[in-house]
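Comments concern the structure below.
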Amino acid sequence: MEPTRVVSGRALPLGRANVDTDQIIPSHWLKRIERTGYAPGLFEAWRKDPSFVLNDDRYRGANILIAGANFGGGSSREHAVWALQEAGFRAVIAPTIADIFKSNAIKNGLIPVELRADTVSRLLAAVEADAKTVITVDVVLRTVAAPGVKASFPLAGFLQTQLLEGLDEIALTLRHEADIAAFETKRAEWLPRVR
Amino acid sequence: MFRTLSEKVWERHVVRRAAGEPDLLYVDLHLVHEVTSPQAFEGLRLAKRPVRRPDLTLATMDHNVPTNDEPAEDISARQIEAMARNAREFGIRCYPMGDPNQGIVHVISPQLGLTQPGMTIVCGDSHTSTHGALGALAWGIGTSEIEHVLATQTIAQTKPGTMAVTVDGLLPADCAAKDVILGIIARIGTSGGTGNVIEYRGAAIRALSMEGRLTICNMSIEAGARAGMVAADDVTFSWLEGRPYAPKGAQWERALDDWRSLATDADAPFDRDVAIDASTLRPYVTWGTNPAQSVTIDGAVPDPDALPADARESAHRALRYQELAPGTAVRDIAVDAVFIGSCTNARLEDLRLASEVVRGRKVRSGLRALVVPGSMRVKADAEREGLDRIFLDAGFEWRDAGCSMCLGMNPDVLRPGERCASTSNRNFEGRQGPGGRTHLVSPTVAAATAIAGHFALPADL
Ligand code: SF4
């Protein structure tokens, strides 16, 4: 995973609440066995509407997505994160972001940014008024900045480190092999084994 | 120190704890299916890593598989083959299509007795919360986490909060477990449980069968919760005893003592507490495009402008998508299809309840009605009881096990504009096929609706 420190750029004002992962990437795209090839499926159903914001040329090249509350709920599909990243998004800003989506995002270097609803509304209004508005998300400072808006967002220290260093989490865990092996010797004998 | 059920299970699985870091938890059982795992196995291959505990890993094929005699189309077949190949290569047991143990991952594991109280269970699927019905701590993970669990049998997690949903009182006779959970979600909303493990408590939960508890825990994720749990009790124990992977003999006795000790301490505080009176619940029907957008069957489609401000925009959009007018009585909404299936409501008890309603009756002409058992064992058990005949005689299709029309990855999809009464758990836009419209209901309501052609209770027939 690539380290992520600062993302600065234009934003897509999606706005809607309860954007579930079935909307971000519909299930028939999940038949792929690769990690790539999902961008064409991003918001596939909504994109059929010519007035959908992703079809608006003014927002072409945006790398920050701004949405309403409960973004990324529903299915655990990591494909939703892959699709957003492949389409160029580096951060998602919303009042609340669903747990599994947030975790998937961090593991892939997509920054999940939760801000107060009124701050999100101000950012939406700014971007809708002027598509060229530049927003900066800073992982080091845990802040979001735009003309007239400055806010900080919550991000636990270890998650921040994961984003900043792009670590191989499996390699880190395997350093604790002795702890894992010790734990395994103490497990209850009735716990099931599949083979 | 007083602790809750979820905290007790959490604490006994901590492999490593360090300040400022998430806990490293041991995973007792890792369930795998064909859709979210291929990229994880590929990651292992690239890094030349083995699966640490193939004996604690079980794979099946459910999301993608055809449930009739047709072969899978090419691209699904490729994914199904990848699952079989990965299982072979990494030494994992896999129940493929056609196997008597195959089925929806959240149906087969409890059925085999693999899901037991006090365990940690993960799966690359958000409805892993289902397994909490037996007192396990079980939650859905993404593909990167799947790879981590395959390689290390552990997962790094921040400790979730605790939330009690206490349902007391007597559930009306025409209500099912599905109505309890739809009622809970209507009350707390789609993010009411975010960051928390919900423990379902109270007399009305205790009174439910294991199947009913599985239905409730299944939809915890629909309230945004990390997991849902019910403390193990005699219902749990008698359900588990004698199942293939349940402990036997002296181990069973030791396990029972241990499982009993896991219940929430009398004075343990929860971070959040919600109380619901079961006697106020009714059969629910969702009208919108998220599971919180529901009313009772006696109600009508709401006027979005009469809803709280933060729910209006979603409601307007939902009604446009669903093509429903405010004020329409729920019983006046006609459907094109009825789907009885999914990890929410496709266990034996669900099929029994639905079959009682359709026995000796006919599916409304022109309506497509499907029963897709949750597992091949459920299918076999149902056939032993003759339920297949009841459904077939009424005009239902009787299928093999799989996710099927729950998410429309196989050919069982709604056509654009079609309306479906579904016993599944998600009514998202396009969930059952692009342009399809889903209304979530209990198996009883689904069955009555298939006969009436519009939303109905058995008493309406
Ligand atoms: S039945 Fe539906 S909700 Fe359950 S695992 Fe399958 S696709 Fe997911």
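Order of the sequence lines fixes the chain letters, A, B, ..., with proteins taken first and strands second; residue numbering starts at 1 for each chain.
- Taken from CG in A:Asn70 to CG in B:Asn290, the straight-line distance is 8.0 Å, to the nearest 0.5 Å.
- A:Glu169 touches chain B through backbone and side chain together, each having a heavy atom under 4.5 Å away.
- Looking at B:Val413, there are no atoms closer than 4.5 Å to chain A (heavy atoms on both sides), in backbone or side chain.
- Open room surrounds CG on B:Asp74; 12 or fewer heavy atoms of other groups in view lie less than 6.0 Å from it.
- Note: A:Ile180 CD1 to B:Leu24 CG = 5.5 Å, rounded to the nearest 0.5 Å.
- Remark: B:Arg254 engages A:Glu189 in a salt bridge, criterion side-chain N to carboxylate O under 4.0 Å.
- Interface remark: B:Glu73 contributes side-chain atoms only to the contact with chain A (heavy atom separation under 4.5 Å).
- B:Gln39 contributes atom CD, which lies 8.0 Å from atom CD1 of A:Ile33 (distance to the nearest 0.5 angstrom).
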**Evaluation steps, side-chain contact (heavy atoms from CB on, under 4.5 Å), between A:Thr21 and B:Phe428** = CA-CA 9 Å; A:Thr21 53; B:Phe428 297 158; 5.8 Å; no
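- Contacts between A:Ala156 and chain B at a heavy-atom distance below 4.5 Å are absent for every atom of the residue.
- Interface summary for chain B: among A:Glu177, A:His28, A:Glu184, the most heavy-atom pairs under 4.5 angstrom belong to A:Glu184.
- Using a 4.5 Å cut-off between heavy atoms, A:Glu44 does not touch chain B at all.
- Every residue two or more places apart in sequence or in another chain that forms a side chain to side chain donor-acceptor pair (under 3.5 Å) with A:Trp46 is listed here: B:Glu429.
- Salt bridge B:Glu34/A:Lys31: absent, no basic N to carboxylate O contact under 4.0 Å.
- Of the listed residues A:Val81, A:Asn108, A:Ile100, the one with more heavy-atom pairs under 4.5 angstrom with chain B than any other is A:Ile100.
- In terms of modelled atom types and a separation under 3.5 Å, the side chain of B:Arg426 and the main chain of A:Gly74 share a donor-acceptor contact.
- Residues B:Glu145 and A:Glu78 share a closest heavy-atom pair of N-OE1, 4.5 Å.
- Top candidate by heavy-atom pairs under 4.5 Å with chain A, chosen from B:His13, B:Gln157, B:Glu42, is B:His13.
- Using a 4.5 Å cut-off between heavy atoms, A:Asp179 contacts chain B through both its backbone and its side chain.
- Looking only at heavy-atom pairs under 4.5 Å with chain A, the residue among B:Pro247, B:Gly433, B:Ala156, B:Ala255 that has the most is B:Ala255.
- Atoms OG1 and CG, on B:Thr289 and A:Asn18 in that order, are 8.0 Å from each other to the nearest 0.5 Å.
- No other option in B:Val35, B:Ile141, B:Thr143 has as many heavy-atom pairs under 4.5 Å with chain A as B:Thr143.
- Shown here for B:Gly195 and A:Asp99, the closest heavy-atom pair between the two residues is N-OD2, 2.8 Å.
- A distance of 9.0 Å separates CG in A:Leu30 from CG in B:Asn64, rounded to the nearest 0.5 Å.
- With a 4.5 angstrom heavy-atom cutoff, B:Glu147 touches chain A via backbone and side-chain atoms both.
- Every residue two or more places apart in sequence or in another chain that forms a side chain to side chain donor-acceptor pair (under 3.5 Å) with B:Thr152 is listed here: B:His148, B:Thr154.
- In this structure, the portions of A:Ser75 lying under 4.5 Å from any heavy atom of chain B include both its backbone and its side chain.
- Heavy-atom pairs under 4.5 Å with chain A peak, among B:Ala246, B:Ala225, B:Gly91, at B:Gly91.
- Around atom CZ of B:Arg312, more than 12 heavy atoms belonging to other residues, nucleotides or ligands sit under 6.0 Å away.
- Proximity to chain B (any heavy atom under 4.5 Å) is restricted, for A:Phe183, to the side chain, taken from C-beta onward.
- Per-residue counts of heavy-atom pairs under 4.5 Å with chain A were compared for B:Ile221, B:Thr36, B:Asn425, B:Leu56; the largest is that of B:Leu56.
- Contact annotation for A:Ala181: both backbone and side-chain heavy atoms come within less than 4.5 Å of a heavy atom of chain B.
- The number of heavy-atom neighbours closer than 6.0 Å to NZ of B:Lys248, taken from other residues, nucleotides and ligands shown, is above 12.
- Ranked by non-hydrogen atom pairs under 4.5 Å with chain B, the options A:Lys48, A:Arg32, A:Arg77 are led by A:Arg32.
- Heavy atoms of B:Pro244 lying under 4.5 Å from chain A are absent altogether.
- Put simply, the side chain of B:Arg93 gets close to the backbone of A:Val194: a donor and an acceptor are under 3.5 Å apart.
- At a threshold of 4.5 Å between non-hydrogen side-chain atoms, the residues A:Arg35 and B:Ser144 count as touching.
- Taking 4.0 Å as the cut-off between side-chain N and carboxylate O, A:Asp22 and B:Arg431 count as a salt-bridged pair.
- Of all heavy-atom pairs between A:Ser27 and B:Gly408, the closest is OG-O, 4.0 Å.
- With chain B as partner, the option from A:Ala17, A:Ala45, A:Gly157 having the largest number of non-hydrogen pairs under 4.5 angstrom is A:Ala17.
- The contact list for residues 112-122 of chain B toward chain A, using heavy atoms and a distance under 4.5 Å, reads B:Leu114, B:Gln116, B:Met119 by residue number.
- No part of B:Asp310 comes within reach of chain A, as not one of its non-hydrogen atoms sits under 4.5 angstrom from that chain.
- When side chains are defined from C-beta on, B:Arg12 does not count as touching A:Lys186, because their heavy atoms never get closer than 4.5 Å.
- Interface check for chain A: of the options B:Asp125, B:Thr128, B:Ile146, B:Asn410, the most heavy-atom pairs under 4.5 Å are formed by B:Asp125.
- Residue A:Arg47 qualifies as enclosed at atom CZ: its count of foreign heavy atoms under 6.0 Å is above 12.
- Taken from CZ in B:Arg49 to CG in A:Leu174, the straight-line distance is 5.5 Å, to the nearest 0.5 Å.
- Under 4.0 Å is where a charged nitrogen must lie from a carboxylate oxygen, and between B:Arg78 and A:Glu34 at least one such pair does.
- Salt-bridge annotation for A:Arg187 and B:Asp55: absent, with no side-chain N of the basic residue lying under 4.0 Å from a carboxylate O of the acidic one.
- The ring-ring contact (aromatic ring centres under 6.0 Å, His included) test applied to A:Tyr38 returns A:His79, A:Trp82, not counting sequence neighbours.
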